[in-house]
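To keep things clear, I will list the structure first and then write my remarks on it.
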Amino acid sequence: MRAKLLAKEIGVRTVRDMLYHFPFRYVDRTKVYKIGELNEANSQSSYIQIRARVTGKNFFGEGRNQRFVIYVSDDTGKAELIWFRGIKWIEGKFELGREYLIFGRPSFYRSELSLVHPEVEPIEAALARKDKSGLQGIYSTTEKLSTALGTKGMYKIISKILDNLSGKIVDYMPDYLRQQYGLITLEQALVNIHQPQSPALLKQAQYRLKFDELFGIQLNIQALRSARTTARAGFHFGRVGAMFNAFYNTRLPFPLTRAQQRVIKEIRTDTVSGCQMNRLLQGDVGSGKTVVALISMILAVDNGYQACMMAPTEILARQHYATLVKMAGNIGLRIGVLTGTTKTKARREVLEALAAGEIDILVGTHALLEDRVQFLNLGFVVIDEQHRFGVEQRSRLWTKNNNPPHILVMTATPIPRTLAMTLYGDLDVSVIDELPPGRKPIKTVHYYDSARLRLFGFMREQIAAGRQIYIVYPLIKESEKADYANLEEGFAAIVRDFPLPQYRVAVCHGKMKAEDKEESMRQFKCGEADILVATYVIEVGVDVPNASVMVIESAERFGLAQLHQLRGRVGRGGNQSFCILMSDEKLSKESRTRLEAMCQTSNGFELAELDLKLRGAGDINGTQQSGEVIDLKIANLALDNQILQVAQQAAIALLTADPALADARHVPLRELSRRYEKRKDVDFSVIS
Ligand code: ADP
Ligand code: MG
């Protein structure tokens, strides 16, 4: 039953899993507090230990709501120990008048100390315990699991495992590398991470295990990278031709920013290097990635190749098509579009023209990946705002030509450097870190729901001034029903307060039919609607320059990256734009930090770093969200930048010397490498 829970709740299935279930923090068990010493201010969210005598007990409530309380005291004060589950079992363990060592997280109610589900041990047993350093690991657990197996239970199981394995843990890291990078042995590390013999050894254990994790990931990434650069020849775009010059000299509607120029230069260097380009272009919303994509594609066309540009949605694909056609003007560029809704006849025409080389640039959705889409000579691929676009999908594009085309992946989701190095080490990264001149910074404010009247007043002013407004509601799978209800309620309220014929309100969400969604978007885009009520589906990338207000409902429920993305929908025209974060009065500390950060900065990279820090800290139950992207048990991408750099260099050095890990000393490292092989396709939205 414990085994089942372990597997289900925290994914621990094997002895190895258990051994790699590390404590997420340590407490000094040599310190015993007096009850009177503790107060709300000095013991927030940390674990403490008291030594107290049982003075009484009581039951409250019935059935599922039952609560069991043990009263204890020492010579400085009183405290309550509270259990909501496992009551029968717990009750039998206490003797009135006996003294116990009590360990747990303090909370205070009317400045009375209480501990919920603490660990309790008779004082004699506690004193007999021989902890060498006094540092005890605290293990992450879940609510369900904690009643069957608390942190102490885990400690016991792991102790047993360590005893059994003593002297038998084989280190895959060869001695010479251990010495070179100052690492203790694997066995020392595993022992000390669970049962630190001293604070110094704990540090070394952490260092070793973090290093292994990051090194294992880098071994994979660097192998991928060298496979790409050595095995796959890339097309050579040696010529800057007539079309490029025509565009640059006659069509470019504005001078490029320095950042745009730099990125174009980077792409040019890649496309004459002889290797296939795989480049990630990061640039904040509105930083002008589209024109960079267009110029790159023109470069391909000038060299006799076709190019394509893929967007995540129909709306975006159509928008890109329109933008490219308009920008290219009459320079002779033949641009086509293909999406899921392209009618049969038009589709046939496009496919034929494409195969005959009569289309230079094809814009579209995932439909471009289908087998029947055959290019004559595809040389360059742009993938825009794709949240999920893994190695596998990229490789499907390669079958569109004998050689793999150059690939440019564009995203407005800023990815902190450490994360990029870990997740996309096989891509080169370019950054547009500068907005085109003349943009007015978006004013961001945070209102509580109680200020709704003020919000409505402000919205009326903006609409009177000719502006348009987005109102976005959260929509999360787990609470989908309630979320739709909120949206519908919100929509009804807006229609009531902003009635026809003076105001026109459109709505757009995932449950609507595709045509209806398109129609709503169309109305908003061409100014037939003043307000668009929507879920997060108002995709990244949709461009309505006249929209100057972004209202985000229940903003506390969005991640920082999402908030920033949404804010990027406004501020695209010449008008002062606003982002209004609506939230409940009650906010967690973290939500408050997020909303404050949004009000203080509009720099996407700063926000991304902060996001990583906030989430990198991991939550107490150990459901580290970064784990969804990449399974890191101990390294923290927000904090372990230095170890990451060392591990990356180490992986590069090792693979340069021995690419196949064939040397007998290196063979065991293959196991480490394999452990991190199956990375999921990267999902940018998880980073939000
Ligand atoms: P994103 O990076 O979010 O895809 P876009 O490519 O859609 O941004 O560009 C946003 C807006 O900025 C567009 O209207 C585009 O024409 C404009 N723009 C892009 N580059 C420049 C520039 N160098 N100077 C002025 N405006 C620019
Ligand atoms: Mg864009």
Side-chain angles (χ1 to χ4, degrees), residues 247-267 279-298 308-329 335 337 361 363-365 381-387 389 408-415 429-442 468 470 521 525 538-548 550 561-575 577 579 602-605 607-608 684-685:
F247 180 76
Y248 218 91
N249 298 329
T250 68
R251 299 296 315 170
L252 198 58
F254 34 66
L256 294 175
T257 62
R258 274 217 302 274
Q260 285 170 322
Q261 289 171 11
R262 188 183 62 236
V263 172
I264 289 167
K265 205 173 275 165
E266 283 166 351
I267 292 169
R279 193 167 273 283
L280 175 68
L281 172 54
Q282 294 190 45
D284 224 332
V285 276
S287 61
K289 295 184 289 294
T290 318
V291 69
V292 171
L294 176 57
I295 289 174
S296 309
M297 290 193 289
I298 291 177
C308 71
M309 181 164 185
M310 216 165 82
T313 63
E314 183 92 26
I315 295 169
L316 258 187
R318 300 261 164 208
Q319 182 182 296
H320 275 323
Y321 173 69
T323 307
L324 297 189
V325 167
K326 190 164 144 225
M327 276 209 231
I335 306 177
V337 62
I361 294 177
V363 183
T365 54
V381 175
V382 179
I383 297 160
D384 191 30
E385 302 289 7
Q386 205 69 26
H387 291 317
F389 207 80
L408 181 67
V409 179
M410 308 201 296
T411 177
T413 307
I415 304 161
V429 179
S430 289
V431 178
I432 302 187
D433 50 6
E434 176 183 6
L435 291 182
R439 294 272 167 84
K440 292 201 183 92
I442 300 163
Q468 289 168 281
Y470 292 104
M521 285 307 301
K525 271 193 86 151
I538 51 154
E539 292 293 346
V540 288
V542 169
D543 201 16
V544 183
N546 189 48
S548 67
M550 168 61 66
Q562 284 175 311
L563 289 174
H564 182 64
Q565 273 289 347
L566 285 171
R567 177 166 61 185
R569 297 300 103 223
V570 296
R572 314 196 133 222
N575 305 303
S577 294
C579 174
S602 54
N603 181 317
F605 282 91
L607 289 172
F684 293 99
S685 63

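Computed from a predicted structure; not experimentally measured. Whatever order the structure lists them in is the order used to number ligands and atoms, beginning at 1. Numbers here simply count residues along the sequence, with the first being 1. Only heavy atoms go into these numbers, but all of them, side chains included; no hydrogens, no water, no symmetry mates.
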Exercise. Give the numbers and elements of all ligand 1 atoms closer than 4.0 Å to a heavy atom of Ser287.
Key: 2 (O), 8 (O)

Practice problem: Please confirm whether Glu434 comes under 4.0 Å of ligand 1, counting heavy atoms of the residue only. | Solution: no

Quiz prompt | Met327 and ligand 1 - part of the residue with a heavy-atom distance under 4.0 Å | solution = neither

Quiz prompt | N/O separation below 3.5 Å, Pro436 to ligand 1 | solution = no

Practice problem: Answer side chain, backbone, both or neither: which part of Ala412 comes under 4.0 Å from ligand 1, heavy atoms only. | Solution: neither

Exercise. Measure the spacing between OG of Ser577 and CZ of Arg569 and express it to the nearest 0.5 Å.
Key: 12.0 Å

Practice problem: Could you tell me whether a side-chain N or O of Arg439 sits under 3.5 Å from a main-chain N or O of Gly286, the two making a donor and an acceptor? | Solution: yes

Exercise. To the nearest 0.5 Å, tell me how far Leu256 CG sits from Ile295 CD1.
Key: 5.0 Å

Quiz item: What do we get for Met410 next to ligand 1 when only non-hydrogen atoms under 4.0 Å count, side chain, backbone, both or neither?
Solution: neither

Quiz item: Is Thr257 touching ligand 1 with its side chain, its backbone, both, or neither, if touching means heavy atoms under 4.0 Å apart?
Solution: both

Quiz item: So how far is it from Leu408 CG to Met309 CE, rounded to the nearest 0.5 Å?
Solution: 8.5 Å

Exercise. Would you mind running through ligand 1 and noting each atom that sits below 4.0 Å from a heavy atom of Thr290?
Key: 4 (O), 5 (P), 6 (O), 7 (O)

Exercise. Taking Lys440 for its side chain and Gly574 for its backbone only, find out whether a donor-acceptor pair lies under 3.5 Å.
Key: yes

Practice problem: Identify, by atom number and element, the atoms of ligand 1 in contact range of Arg572, meaning under 4.0 Å from any of its heavy atoms. | Solution: 3 (O)

Exercise. List every atom of ligand 1 that sits less than 4.0 Å from any heavy atom of Gly286, numbering the atoms from 1 in the order shown and giving each element.
Key: 1 (P), 2 (O), 3 (O), 8 (O), 10 (C)

Self-check item: Main-chain N/O of Gly283 paired to Lys289 side chain as donor or acceptor, under 3.5 Å
Solution: yes

Exercise. Report the distance from atom OG1 of Thr313 to atom CG of Asp384, rounding to the nearest 0.5 Å.
Key: 9.5 Å

Self-check item: Arg439: numbered ligand 1 atoms lying under 4.0 Å from its heavy atoms
Solution: 10 (C), 11 (C), 12 (O), 17 (C)

Quiz item: For Arg262, what residues pass the side-chain contact (heavy atoms from CB on, under 4.5 Å) criterion, not counting sequence neighbours?
Solution: Ala259, Glu266, Asp433

Self-check item: Element-labelled atoms of ligand 1 that are located less than 4.0 Å from some non-hydrogen atom of Pro255
Solution: 22 (C), 23 (N), 24 (N)

